[in-house]
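What follows is a set of notes on a single structure, which appears directly below.
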Amino acid sequence: MDEQWIQSVGIDVGTSTTKMIVSRLRLGRMSSTFSLPRYQIVERQLLYASEVHSTPLIGFDEIDADGIGAILAAEYDKAQISLSQIKSGAVIITGETASKKNAQHIVHLLAERSGDFVVATAGADLEGVLAGKGAGAEKRSQAMQGVIVNVDIGGGTANAAYFQRGRAIATVTFHVGGRLIRLSPQGVVQYVSPNIQQWLTAKGLRIPVGQEIGFAQLTEVAEQLGRSMLDYLTGKERQVSGLLVVGPHLRDAIPVDELTVSGGVGLLMSGPPVRNIADASRYGDFGPLLGYVLQQEREKGTYPVQWLDPDQTVRATVIGAGMQSTEISGSTVHIKPELLPIKNIPILKLELTEEQLADATRLRQEVASIYQLGERLFEKTTGIPFALAISGIGYCSYALLQTLSQELSEQYRATFPESQTMVVICETDMAKALGQALALRCKGAPEIICIDQVRVEYGDYIDLGEPISGTIIPVVVKTLAFDERP
Amino acid sequence: MEQQLDFLVDKVVAELQKKLGEVSEQAPSPKTETGLIQLRSEPKAEPVANATAAPTPAPVVNEQPAPSKEPERTTHVPNPKYKEGLDELLSSTPARIGVWRTGVRPLTKTMLELRRDHAAAVDAVYGEVSQAVLDQFSLFTVETQYDNTENYLKRPDMGRILTEEGVRMLQERCQKKPQVQIVVSDGLSAAAVDANLKDVLPSLMDSLKSYGLTCGTPFFIKGGRVASMDHVGEILEPEVLVLLIGERPGLVTAHSMSAYMCYRPRKGMVESERTVISNIHRQGTSPVEAGAHIGTILSKMLEQKASGVKLVL
Ligand code: B12
């Protein structure tokens, strides 16, 4: 087999809009036929992009699950795609919607209705990274020195992801979005999100709910909001602007060289000028104004960053989810096809140093303490409690392979006797050899899945798809939190 | 000031000539393997390089690299504009990039490194596989008709046929018609066998066990060429055969091994009926992973009753 296409779907259910795309990814053999096989995704094509639907809600804060189901059914129909053809992809429930009542329920419903190996997930960090990929920031970072940040501004939140040399290095989320302030066509303020209240107070700004707001006053708020976000992103000021941050803060200010803005507000940046309340409130919120003031900020060039146009705006997240969430593991692996796909496996990281690898006793202790941590963190299960990600092994000799597989398997069987499958992820190309060594020791109790050349971090979750042509495993790494990493 | 500099330059030149002399003594220049690069040393121009561009020459020549460990490659670019980018490029290839220059010439350091690697390549061809390594896996030795290394290089055909003594030994000591026959040979790099056999072979054995395959009596061929497997095939008639053999050393590594595999090897086989996994060494295809993968390939050969271009992997 030299190449193959797989179909991948992306679904983004946001605070205000819902979108779906279908793409196909080409797996190509990167190695010559005479050396060990190595496949990679070499091409990504967008096959179908749905319209931007408004997210159906019941009342104010409940997503209408059946409504979403109906939209998807119609879109699948239009795209002429059947669920069984879909091998990978991601469902993202974004922004404030994710914390709404029935998000969990929706996630499961969507996963069931969107194909066999579609990852269901909700989380601002992953969303920011996917939006950054969809907007082209990740790709751009490979071609430049320094750091690029993409901020995807939607209805309720803005998800920023920093990229350097092709890697996401940090994420941060803000309460910045088009629907945080809602307006009637006449300019009567109908709603102000409680999430920005503290920040408004700190800034000495007031928005009268239920009353008409002047255009100048609203512009002031929009400008301040945009600037606070830019202050934080560029590290200019983090005290007051920090009040807008949702969840964990950036540990250190990251110097940024380039900036892209995606999302609905990113699109509005290239919209017509907003000159009065009627222009501002044309979608029933202050989104157009927010986009406009950001565009002005870009033109003024007050911030020492280079603003670039993103590849995608409103569809950045959904395109990232559908086209860029899947990776391919190394192709010499140890698997049992019947056991796949598996979903939502948390990562437990075993980071080994040269000294630990050279000393069997220290290696044993290290494995023991990592398994103890696994016992504390994750529930006992007859399935897979976690995937053990091993890093730090430079060169793996046969002797080291033996010591390692001995310690890993013996203690696993003792600590997690009820688990029927052990999942191991190696950083370097050694999965087949290690998997084989583990399997020879465990003899089916537990079964072994061992893959490699996928980069995972503590706090990630991982999904493994059904093997394609025997040994190619589609992998989706779900990054949930950057800053909680040790 | 100028006098001092001259004095310094003279000293450096003297030192270099001594060292370069040592290196070329260790490396008898091969006459028949044309792929290996011949170098002419011109020490006159080099001290300038040393004095201007590379003020602190690293003691490269004195370090005798351990047989299986390649020396780490670093850049000699004095003040790279974009260090991370350069490091990324360096880690993407074992080729000699970022070596810098003095005038239109390479730096002394670079030249010495090249000569050292060249010498290692030559040593690998002329070296012998350590008996301890062979004993570790209870491999007995048979020879081809190569006679001596000079002749081995000139007459590849003689490296494809075992001596009469060798044939007799195989008939006496080896299991006939095994499912899998494993053979090890020095080929063009004894150092490759020394460096990798201990990782490749046991991993391959494990893999055979995992697939439930049985293996005959493994042995070592001294002075072997790839096609010596055809002669072995005639004698032992294995279903599949894997030959772990030292590759022609290059300037990137002298420790690289290949696994040539074949379904029912016999006289008159054409090359396209063989399957090869090459570049097995520390910096290349991982030896343990290669061992495990060879097992997979052999099992596919048995399943499909084919090898080489006819084998679907
Ligand atoms: C020397 C060499 C050749 C010489 C062999 C001449 C000779 N009679 O010795 C020539 C120029 C003919 C050659 C040709 C080819 N080679 Co060549 N060759 C090499 C080299 C540099 C060294 C091989 C070696 O050390 N062998 C060990 C000694 C002891 O073996 P030998 O008995 O003296 O010689 C035999 C082998 O060299 C073998 N052989 C050589 N190349 C190949 C390729 C294949 C696919 C097979 C089955 C056998 C084979 O044929 C020789 C005669 O039996 C390797 C590089 C490497 N890192 O291994 C590439 C290499 C093995 N060759 C390769 C290829 C692709 C080929 C060709 C298919 C190129 C082509 N597209 O036509 C042909 C196939 C030739 C064939 N025999 O069928 C690739 C294999 C692919 C890979 N990445 O793993 C390698 C690894 C080079 C590379 N990096 O791309 N090759």
Side-chain angles (χ1 to χ4, degrees), chain A residues 1-2 29 31-39 141-147 164-167 330-336 393-402 404-405 426-444 448 450-453 469-472, chain B residues 68-70 72 80-88 91 136-137 195-212 256 258-261 272 274-297 300 308-309 311-313:
Chain A
M1 194 214 76
D2 284 340
R29 186 169 169 136
S31 54
S32 80
T33 33
F34 307 106
S35 40
L36 297 196
R38 173 82 186 120
Y39 288 86
S141 77
Q142 280 166 340
M144 63 180 280
Q145 297 184 25
V147 175
Q164 185 173 33
R165 306 292 319 140
R167 287 190 69 185
S331 306
T332 50
V333 294
H334 185 97
I335 49 156
K336 265 208 137 167
I393 300 177
Y395 176 72
C396 187
S397 66
Y398 184 75
L400 177 59
L401 189 72
Q402 294 314 300
L404 197 63
S405 56
C426 317
E427 199 175 45
T428 48
D429 187 12
M430 57 179 283
K432 193 167 198 155
L434 181 61
Q436 160 186 300
L438 289 168
L440 283 172
R441 287 185 162 76
C442 295
K443 302 189 173 65
I448 306 293
C450 190
I451 63 162
D452 60 24
Q453 293 173 64
S469 300
T471 54
I472 310 173
Chain B
S68 57
K69 201 158 186 167
E70 307 291 338
E72 206 178 302
K81 276 209 176 122
Y82 182 29
K83 176 125 193 347
E84 293 82 8
L86 186 59
D87 289 345
E88 234 174 81
S91 63
Q136 191 188 340
F137 296 104
N196 302 303
L197 194 67
K198 62 183 182 307
D199 295 330
V200 177
L201 190 54
S203 181
L204 167 59
M205 291 300 209
D206 283 354
S207 178
L208 297 182
K209 200 151 113 201
S210 298
Y211 282 101
S256 186
S258 276
Y260 286 85
M261 290 156 274
S272 59
R274 293 188 233 280
T275 300
V276 60
I277 293 290
S278 70
N279 284 302
I280 305 171
H281 60 100
R282 265 171 182 269
Q283 281 86 5
T285 303
S286 146
V288 287
E289 197 71 349
H293 191 62
I294 292 167
T296 309
I297 295 180
K300 290 203 173 160
V309 293
L311 183 73
V312 186
L313 284 173

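Every chain is numbered from 1, with letters handed out A, B, ... down the list of sequences.
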Legend entry - Max heavy-atom pair count under 4.5 Å with chain A, selected residue of B:Val288, B:Thr296, B:Ile297, B:Ile280: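 Top count of heavy-atom pairs under 4.5 Å with chain A: B:Val288.
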Legend entry - Options B:Pro202, B:Ala259, B:Ser286, B:Ser210, ranked by heavy-atom pairs under 4.5 Å with chain A, top entry: B:Pro202
Inset, instruction - Just give me the residue among A:Ala439, A:Ala431, A:Ala437, A:Cys396 that pairs up with chain B most often, heavy atom to heavy atom, under 4.5 Å. - result: A:Ala431
Inset, instruction - Tell me, for B:Ser207 versus chain A, whether the close heavy atoms (under 4.5 Å) come from the side chain, the backbone, both or neither. - result: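 When you check distances to chain A, atoms from both the backbone and side chain of B:Ser207 fall under 4.5 Å.
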Inset, instruction - Heavy-atom distances under 4.5 Å only: say whether B:Asn279 touches chain A with side chain, backbone, both or neither. - result: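 For B:Asn279, there is no contact with chain A at all, as no heavy atom is under 4.5 Å.
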Inset, instruction - Compute whether any side-chain donor of one residue and acceptor of the other, for A:Lys432 and A:Thr471, lie under 3.5 angstrom apart. - result: no
Legend entry - Which residues share a side-chain hydrogen bond (donor to acceptor under 3.5 Å, both in side chains) with A:Asp452, sequence neighbours left out: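 By the side-chain hydrogen bond (donor to acceptor under 3.5 Å, both in side chains) rule, A:Asp452 matches no residue at all.
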Legend entry - Any donor-acceptor pair under 3.5 Å from B:Glu289 side chain to A:Thr428 backbone: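 Side chain of B:Glu289 to backbone of A:Thr428, a donor-acceptor pair under 3.5 Å: no, none is there.
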Inset, instruction - Tell me whether the guanidinium CZ or amine NZ of B:Arg282 lies under 6.0 angstrom from the six-membered ring centre of A:Tyr395 and within 45° of its axis. - result: yes
Legend entry - B:Glu84/A:Arg165 ion pair, N-O < 4.0 Å: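 No.
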